[in-house]
Amino acid sequence: MGQLIIKYHIKYLILRQVSINLYYKIKFLMHYHPENIEPKWRQKWVDESLYKISNESVKPKYYVLDMFPYPSGAGLHVGHPLGYIASDIFARYKRLKGFNVLHPMGYDAFGLPAEQYAIQTGVHPAVSTDENIKRYREQLDNIGFSFDWSREVKTSDPSYYKWTQWIFLQLYHHYYDLSENKAKPIKELISSFEKFGSAYIRSYHSHDSDFTANEWAEMSPKQKDDTLMNYRLAYRKTGYVNWCEALGTVLANDEVKDGLSERGGHPVEKKAMMQWSLRITAYAERLLQDLDTLEWSDALKSMQKNWIGRSEGAQMFFEIVGHEEKLEIFTTRPDTIFGATYLVLAPEHDLVKKITTIEQNENVEAYLEYVSSRSEIDRMSEVKEVSGVFTGAYAKHPFTDNEIPIWLGEYVLKDYGTGAIMAVPSDDERDQLFAKKFGLDIIDVVDKSEYPGSTMHDKTGKIINSDFLNGMEVMNAIQYMFEQIEKTGIGAKKVNYKLRDANYSRQRYWGEPFPIAYNKEGVAQPLSVDKLPLTLPELENFQPASGGKSPLARADDWVGQIPDMTLETDTMPGFAGSSWYFLRYMDASNENEFASKKAIDYWQDVDLYVGGTEHAVGHLMYSRTWHKFLYDLGLVPTIEPFKKLVNQGMITAYGYYAENLKFDDGNTLIGNIKDIKSDHNIHVGSPIRLAYINEHLDSQNRVTKSKFSEYIESIGKHFNVLNDTTKYYWAKDDNGEDYFTVNIIQEKMSKSKYNVQNPDEIVTKYGADCFRMYEMFLGPIEQSKPWDTKGIDGVNRFLRKYWSLYFSEKGWEVSDEAPTAEENKILHTSIRKVTDDIERFSFNTCISAFMVCVNELKRLECNKRQILEPLTILLAPFAPFITEELWEMFGNKTSVHSADYPVFLEKYLIQDTVEYPVCVNGKKRDTVEVSAQLSQAEIQAIALSLDNVKKYVEGKDVQKVIVVPGRMINLVIKE
RNA sequence: GCCGAAGUGGUGGAAUUGGUAGACACGCUGGACUCAAAAUCCAGUGCUAGCAAUAGUGUGCGGGUUCGAGUCCCGCCUUCGGUACCA
């Protein structure tokens, strides 16, 4: 009997357990659990190569590209993926719309930080770079991007940089022909030299003296090489470069910010060095003109325009008294020539030594020494400080024959124009400051009395004191002078650009080696293509070699690997590999070409490029130039590489500063509380960064003493903090508690500021879908905004609500019933809104459209397949995991990401009634719902009959009634 | 200095061609459910006055155009980004 009872009891227990299990299973299903969904699909998409795409397709192509990252040791923070998420949504959207979408990713893997790290730790840059890439890849995969990883590109991979070297050789083997306005083989130039010397050559060059065919024939190989260097698009010259001692290398202009290196913020100085350069100035005009063909923001285009800096002016020759050479100057204001009372040369100008008189020699020498001692930062910080010296020489004014002095001045730049100016102190601020300081003549030549408020900068006024120009308007006088200058043969009209040729040599290890060797005479010998790639040697010590040379100079075996030759030991700069990577993705594993013609002809160019503004001038300028060069060679079919460009804003972090805490040793340095040693005491006095204090702040950004102690403990510190309230500057709040106020500012995310937010943490907590949508929900993509997780619960709630549409207490429950008109209207309103917004890159409003849609469907308790299925596709680009899971539960066998985009049908939006706001004199007084068929007169009558409206209209004169169909009604009455 | 972008509730932001300012969220307040908490759900929420209906007011500031302005025009202020002796 007892046994039986026990038996039953066990049976009951088992049954109970089964039903409990079932209950929990259903309960579990009912709720959204990203941690169970996401890993499964991540794996499945890899297994099925879902995002792998082919170069052959009948579908139209679309190329969505992100600026590839430099894989830094700090890993990705939440700011990096912002642009990637946007582009991924767009790529997925285009795929659903039936395009064959190229959406690749790779790494800009050469660069200084890895090498600096190697110097400090001895870890080979290749090793640390690969580790960093591995970490990046894991972080990227976590977020669910649809990259085709089979096309991954790594600039430091020899199979990639083989082609970077190859393109460099093409640049080396070409010159820029001005008659045809394109790059042409240097061979053609040589044969022209052989026949005609330098005559008949219209090319972009840095050569200053002509030669005959005979002279050419008699040149030594070295002389020929030197001459050709003046024409090649990749050439070697001695020039003043931006030398950074701390980094031990030269930098390009765009790598220098405010006289400091962009990476690291070290001082930069001008130094004369033998360097490889790219003649990008040859392309200046095309780079400027073709901006018009691009769908880039005006802000970005104007940045490029400024950087190119085109200005029209005149080139003029001044005779130097007692010398044969003429002095060539550049001016945009030839109309002011009669106001030119002296000339100024850049201190580095070639003629300085020649024209300086014996009496002035000492002064000039001293001045040159002073100038060379000054770093860029010195020069910049004292821009208004005038310095200069008289050379003792005089020039003849071409129109008055007066002798005017020639000076040297720091404010005239060697690299711009001709490095020499005519100074017109009456109409140029800099010239005026200079003239006043050194007591030089000033002649007024422009009368601006008719233009009150105009400045020296404006090209307005009447010319005076100027002989044949007197009485002319400035703009007319400029034109007239252009003619006069050409007529009298003293010069010519000329266009000048601020853009400089790019320094292309770096004295570093971790970059592409130049495929160049030098023979005993020092003549450059390009390596033949079959020798490529020229790979980097293995090194153990990454310290720069002596004499400002790259560490490669110490690898003797490597340098001397070709008999009787020495290899170039400099390496290429960071922008080399990134100037053409977008082409490599088209055909990433091609061993015979940088990319096949077929692949390039299919993919053409990048339709959408997404990246930060920090590359506005550097990378984008270089890529455009390389692309145009390849176009000239017939290797790419398009003149521009990036049709449309979107700049994502930066995600910043909040910085929390205690304005008045300081160390008890009185040190007032701005510090970071995490870096302060625990045995230190802190005082009130000067800003200290308080990372992660936000949770301890009250609504007025104050922290009380007790909260502050909690905070100190939470960051693992044990200060004897601030116990003596008499000693420190605590304030007292209403409850008598001590507090201080924390100052909150926006700043960059960086490791050293302890404000970096790792996306992995968010993905673990909320799922990738939520992370993606939340980043988009933060605000417009182009805008900079601080990271804040405050609103993430809203998105999380949305996803759970969306999920819950598909489930009842019994589990999955989707009905096959036909949708109501209202349900269809909700769906199609969303389809239209979301589609429009994706097209205009307004992703934040897409998210709110989804929220509105789901809120309304939830209100109607809609679980109809015909509504939910299209909605799932619509949402798939934003939330690829949850939609894929639900899509599968619908019973679909193929991925939601290869489904067809839902079609918007206008018919579901047609309404029988319209709700009108009724305004009186522009102020809303009532609303009224009327039939959509009513005429304007009928609507008017209804509007006037409303009680709320009568109140305002009664006894007054209705002058006008405005009915904007479907929009609003306005009654104009006279008071 | 010059060039460019932007200023909207307590917060992030919406308003696409001049047509209901504050969508959608966060936060906050109150309520339901719960032994309780979390989660969830419901209601409210620009500001001022009022029990309320409602009225006034409100998109950085000052003017203007318009029946109507966050949006267009003129003049300023502030913030951010770029640039810096460019002749």
Side-chain angles (χ1 to χ4, degrees), chain A residues 31 257-259 297-307 309-311 313 329-333 336 344 379-380 382-386 409-413 415-424 427-431 433-434 455 457 496-500 613-614 616-617 647 649-650 652 699 746 774 777-780 782-786 788-795 797-798 800-801 804 833 836-837 839-840 842 844-852 855 858 915-927 948 959-964 966-973:
Chain A
H31 296 288
K257 289 256 142 78
D258 303 323
S297 69
D298 290 340
L300 199 74
K301 283 186 185 180
S302 73
M303 267 189 236
Q304 290 236 331
K305 276 182 193 155
N306 291 341
W307 192 258
R310 182 185 201 274
S311 65
I329 61 107
F330 176 75
T331 180
T332 53
R333 296 296 305 273
T336 61
V344 189
R379 284 179 82 149
M380 284 183 172
E382 299 159 23
V383 158
K384 291 289 162 248
E385 197 81 2
V386 181
E410 232 184 331
Y411 79 102
V412 175
L413 307 172
D415 295 330
Y416 185 74
T418 59
I421 61 154
M422 66 174 204
V424 183
D427 207 54
D428 184 289
E429 275 172 48
R430 297 152 303 175
D431 296 344
L433 283 170
F434 195 85
T455 62
H457 243 67
N496 238 310
Y497 301 92
K498 269 201 296 194
L499 187 73
R500 312 283 156 83
T613 6
E614 65 271 23
V617 284
N647 283 125
M650 211 175 25
T652 53
S699 58
Q746 267 187 55
Y774 181 60
F777 192 56
L778 278 174
E782 302 94 337
Q783 216 168 80
S784 279
K785 52 230 152 192
D788 202 323
T789 48
K790 257 197 266 171
I792 201 164
D793 284 331
V795 174
R797 264 172 223 155
F798 159 77
R800 288 198 303 233
K801 204 179 218 177
S804 77
K833 172 81 177 147
D836 284 357
D837 287 358
E839 290 283 352
R840 63 188 184 100
S842 176
N844 54 329
T845 52
C846 288
I847 311 293
S848 48
F850 281 121
M851 286 171 168
V852 171
N855 285 347
K858 187 76 193 173
E915 198 186 56
Y916 279 101
V918 184
C919 304
V920 179
N921 283 346
K923 279 206 168 70
K924 193 187 122 189
R925 296 301 179 185
D926 207 348
T927 53
N948 269 338
Q959 295 192 312
K960 210 171 173 185
V961 181
I962 292 148
V963 179
V964 184
R967 280 292 189 177
M968 51 95 63
I969 302 165
N970 193 17
L971 308 172
V972 186
I973 59 162

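What's counted below: heavy atoms across the whole structure, side chains too, no hydrogens, waters or symmetry copies. Per chain, numbering begins at 1; letters A, B, ... match sequence-line order.
Glycosidic conformation, B:G9: syn, with the torsion inside 90° of 0.
Rounding to whole angstrom units, NZ of residue A:K301 and P of B:G4 are separated by 14 Å. Separating the CG atom of A:D427 from the P atom of B:C85 is a distance of 20 Å, rounded to the nearest angstrom. The CZ atom of A:R310 sits 12 Å away from the P atom of B:A87 (whole-angstrom rounding). Atom NZ of A:K960 and atom C1' of B:C67 are 5 Å apart (whole Å). We find that CG of A:L300 is positioned 13 Å from C1' of B:C3, with the value rounded to whole Å. Going from atom OH of A:Y774 over to atom P of B:C24 covers 18 Å, rounded to whole Å. At whole-Å resolution of the value, CE in A:M303 and P in B:G82 are 7 Å apart. Rounded to an integer number of Å, the gap from A:M851 CE to B:A14 C1' is 13 Å.
Side-chain proximity of A:N306 to the nucleotides B:U83, B:A87, B:C3 is greatest for B:C3. For A:R840, taking side-chain heavy atoms from C-beta onward, the closest of the listed nucleotides B:A15, B:C85, B:C67 is B:A15. You'll find that the side chain of A:E410 is closest to B:C85, out of B:C3, B:C85, B:A84. Side-chain proximity of A:P780 to the nucleotides B:U83, B:C85, B:A14 is greatest for B:A14. Comparing atom distances between the A:K790 side chain and each of B:A87, B:C24, B:U11 picks out B:U11 as nearest. For A:D837, whose side chain is taken as the heavy atoms from C-beta onward, the closest listed nucleotide among B:U83, B:U16, B:A87 is B:U16. Closest to the side chain of A:N855, from the set B:A87, B:A84, B:C24, is B:C24.
Applying the side-chain contact (heavy atoms from CB on, under 4.5 Å) rule to A:M303 yields the partners A:T613, A:A616; only residues at least two apart in sequence or on another chain are considered. Residues meeting the side chain to side chain donor-acceptor pair (under 3.5 Å) test with A:N855, sequence neighbours left out: A:K801. Under the rule for a side chain to side chain donor-acceptor pair (under 3.5 Å), the partners of A:Y416 that lie at least two apart in sequence or sit in another chain are A:S311. Partners of A:S842 under the side-chain contact (heavy atoms from CB on, under 4.5 Å) rule, at least two apart in sequence or in another chain, are A:D837, A:R840, A:N844, A:T845. Taking the side chain to side chain donor-acceptor pair (under 3.5 Å) definition, one finds that A:S784 meets it with nothing, sequence neighbours left out. Contacts of A:T652 classified as side chain to side chain donor-acceptor pair (under 3.5 Å), with partners at least two apart in sequence or in another chain: A:Q746. In this structure, the side-chain contact (heavy atoms from CB on, under 4.5 Å) partners of A:K924, at least two apart in sequence or on a different chain, are A:P917, A:C919, A:T927. Evaluation of the side-chain contact (heavy atoms from CB on, under 4.5 Å) rule for A:R310 yields A:E285, A:L288, A:E312, A:V495, A:Y497 as partners, not counting sequence neighbours.
The residue A:V412 sits close to a base: some heavy atom pair falls under 4.0 Å. Using a 4.0 Å heavy-atom distance criterion, A:D415 is classed as making no nucleic acid contact. Residue-level contact check: A:P786 touches neither bases nor backbone, having no heavy atom under 4.0 Å from any strand.
Under the 4.5 Å side-chain criterion, counting only non-hydrogen atoms from C-beta, A:V972 is in contact with A:N921.
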Dot-bracket, RNA chain B: Watson-Crick or G-U, under 3.5 angstrom, [ ] crossing, | other strand?
(((((((..(((......[....)))((((((.......))))))((((....))))..(((((..]....))))))))))))....
Treating primed atoms plus P, OP1 and OP2 as sugar-phosphate and everything else as base, which nucleotides of nucleotides 18-23 of chain B get B, S or - for protein heavy atoms under 4.0 Å?
-BB--B
Protein within reach of the bases, or only the backbone? For nucleotides 38-43 of chain B, mark each nucleotide 5' to 3' as B, S or -, using heavy atoms under 4.0 Å.
-SSS--
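In this structure, the side chain of A:S297 engages the main chain of A:L300 through a donor-acceptor pair within 3.5 Å. Checked by atom type and distance alone, the side chain of A:D431 pairs as donor or acceptor with a backbone atom of A:V424 at under 3.5 Å. Between the A:D428 side chain and the A:A423 main chain, no donor and acceptor come within less than 3.5 Å of each other.
When each of A:A299 and A:L971 is assigned the nucleotide of RNA chain B bearing its nearest heavy atom, the one mapping closer to the 5' terminus is A:A299. Comparing A:I792 and A:G309 against RNA chain B, the residue whose closest nucleotide sits nearer the 5' end is A:I792.
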With 3.5 Å as the limit, what N/O pairs link the protein to nucleotides 52-57 of chain B?
{"from": "B:A55", "atom 1": "OP1", "to": "A:Y952", "atom 2": "OH", "distance (Å)": "2.3"}
{"from": "B:G56", "atom 1": "OP2", "to": "A:R925", "atom 2": "NH1", "distance (Å)": "3.3"}

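Comparing the C1' positions of B:A52 and B:U78 gives a spacing of 42 Å, expressed to the nearest Å. For the C1' atoms, the distance from B:G81 to B:U57 is 35 Å, rounded to whole Å. Taking atom C1' on both nucleotides, B:G9 is separated from B:C24 by 14 Å, rounded to a whole Å. Distance check on atom P: B:A14 versus B:A53 gives 31 Å, rounded to whole Å. Atom name C1', nucleotides B:G18 and B:C73: the rounded distance is 13 Å, in whole Å. Rounded to the nearest Å, the gap between the C1' atom of B:C33 and that of B:U71 is 47 Å. The gap from the P atom of B:G4 to that of B:A39 amounts to 49 Å, rounded to the nearest Å. B:C80 sits 24 Å from B:C26 when the C1' atoms are compared, rounded to a whole Å.
Side-chain to base pairing of A:K833 with B:U16: one donor and one acceptor N or O lie within less than 3.5 Å of each other.
Between A:Q783 and B:G13 there is a side-chain polar atom (N or O) within less than 4.0 angstrom of OP1 or OP2. In this model, the phosphate group of B:A87 is approached by a side-chain N or O of A:S311 to a distance below 4.0 Å at OP1 or OP2.
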